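Okay, so here's the structure we're looking at.
Note that the structure is predicted; figures quoted are calculated from it, not measured.
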Amino acid sequence: MRKLLKDKTGSVPVLTFGFVFVLLILTFLTVEMGSTYENYDYCMDVLQRSCNSAVEANIDDTYRADKVLILDTAGAEADFHSFVSSDLTDRYHLTVQSITCTETPPSMEVIGTVTFNTIFAQYDWDDLTFSFKVRATNYDLE
């Protein structure tokens, strides 16, 4: 190693700068992947919370005393869209492919895609798109 460091041909600084460059690129990619995962996790949290809230807010309480739960499906769909649009910022593009609601038991399933850009968008790379499926069912009779 000592002989390599005393070499006067200049290969050690070139190798050192190359190693530092590769290390910085790997660090940058790791940080960007962490950011992408955080965006994914944020979207899934908002979507699941919106689905849960839409089901809970639209259960007809008039029959709850008789241990019967009935969901207002049209209201649940409208509330889901309202909750998502108020919680997701403009940097996320949501495409809902299907919303399936059942009155009894009160349940909702939403299938679609979410698209958001990454730092690589400045280099004309495509935005990141992932599919999602969220479900909410309420059996709470109290």
Side-chain angles (χ1 to χ4, degrees), residues 1-5 7 9-142:
M1 184 71 177
R2 197 177 275 174
K3 182 179 178 183
L4 182 64
L5 290 175
D7 185 20
T9 60
S11 63
V12 172
V14 171
L15 288 175
T16 303
F17 287 129
F19 178 71
V20 169
F21 180 74
V22 168
L23 191 62
L24 287 174
I25 292 294
L26 289 176
T27 303
F28 173 73
L29 290 175
T30 303
V31 168
E32 182 57 27
M33 287 305 297
S35 172
T36 302
Y37 178 75
E38 289 294 322
N39 283 328
Y40 168 79
D41 193 43
Y42 171 74
C43 288
M44 289 305 293
D45 287 346
V46 166
L47 292 167
Q48 186 64 55
R49 187 173 52 243
S50 298
C51 191
N52 292 344
S53 298
V55 169
E56 182 62 33
N58 288 285
I59 291 180
D60 188 5
D61 286 332
T62 57
Y63 301 105
R64 196 176 284 231
D66 297 329
K67 307 270 189 218
V68 175
L69 297 176
I70 297 176
L71 178 68
D72 174 19
T73 58
E77 287 184 34
D79 280 352
F80 175 78
H81 288 293
S82 172
F83 292 146
V84 167
S85 66
S86 67
D87 287 345
L88 278 183
T89 61
D90 292 338
R91 80 180 288 227
Y92 302 101
H93 177 69
L94 177 71
T95 304
V96 176
Q97 295 167 345
S98 70
I99 296 179
T100 307
C101 294
T102 58
E103 289 183 351
T104 304
S107 67
M108 172 187 266
E109 179 180 86
V110 182
I111 300 171
T113 59
V114 174
T115 303
F116 57 89
N117 61 4
T118 62
I119 197 163
F120 299 114
Q122 64 187 347
Y123 303 113
D124 292 332
W125 286 22
D126 290 338
D127 294 340
L128 184 64
T129 300
F130 67 90
S131 300
F132 70 88
K133 178 192 254 184
V134 291
R135 295 181 193 163
T137 303
N138 192 333
Y139 295 108
D140 187 18
L141 295 172
E142 296 178 17

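- In terms of heavy-atom proximity, P106 sits nearest to I70 at CG-N, 4.5 Å.
- The line from CZ of R91 to CG of D127 is 9.5 Å long, rounded to the nearest 0.5 Å.
- Here M108 contributes atom CE and N138 contributes atom CG; the two are 12.5 Å apart, rounded to the nearest 0.5 Å.
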Handout entry: Derivation and outcome, side-chain contact (heavy atoms from CB on, under 4.5 Å), residues F132 and C43
Key = CA-CA 9 Å; F132 70 88; C43 288; over 6 Å; no
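- Side-chain contact between E109 and T102: absent, with no pair of heavy atoms (C-beta onward) separated by less than 4.5 Å.
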Got a list of side-chain donor-acceptor pairs under 3.5 Å for residues 73-85, not counting sequence neighbours?
{"residue": "D79", "atom": "OD2", "partner": "N58", "partner atom": "ND2", "Å": "2.8"}
{"residue": "S85", "atom": "OG", "partner": "H81", "partner atom": "O", "Å": "3.1"}
{"residue": "S85", "atom": "OG", "partner": "S82", "partner atom": "O", "Å": "3.0"}

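- Atoms CG and CD, on D72 and E103 in that order, are 8.0 Å from each other to the nearest 0.5 Å.
- Summarising the geometry of L71 relative to S107, their closest heavy-atom pair is CD2-O, 3.6 Å, with the distance given to 0.1 Å.
- Using a 4.5 Å heavy-atom cutoff, the side chains of T95 and T129 are not in contact.
- Screening residues 42-51 for side chain to side chain donor-acceptor pair (under 3.5 Å), with sequence neighbours left out, gives Q48-N52.
- Taking CG of N117 as the reference point, atom OG1 of T36 lies at 10.0 Å (rounded to 0.5 Å).
- For the atom pair CG of N39 and CG of L128, the computed distance is 8.5 Å after rounding to the nearest 0.5 Å.
- The list of salt bridge (Lys or Arg N to Asp or Glu O under 4.0 Å) pairs with a residue in residues 18-40, not counting sequence neighbours, is empty.
- By the 6.0 Å contact criterion, CE on M33 is open, its count of non-hydrogen atoms from other residues, nucleotides or ligands being 12 or less.
- Taking OH from Y40 and CZ from F116, the interatomic distance works out to 9.5 Å, rounded to the nearest 0.5 Å.
- Side-chain contact between V96 and V110 is present, with heavy atoms from C-beta onward closer than 4.5 Å.
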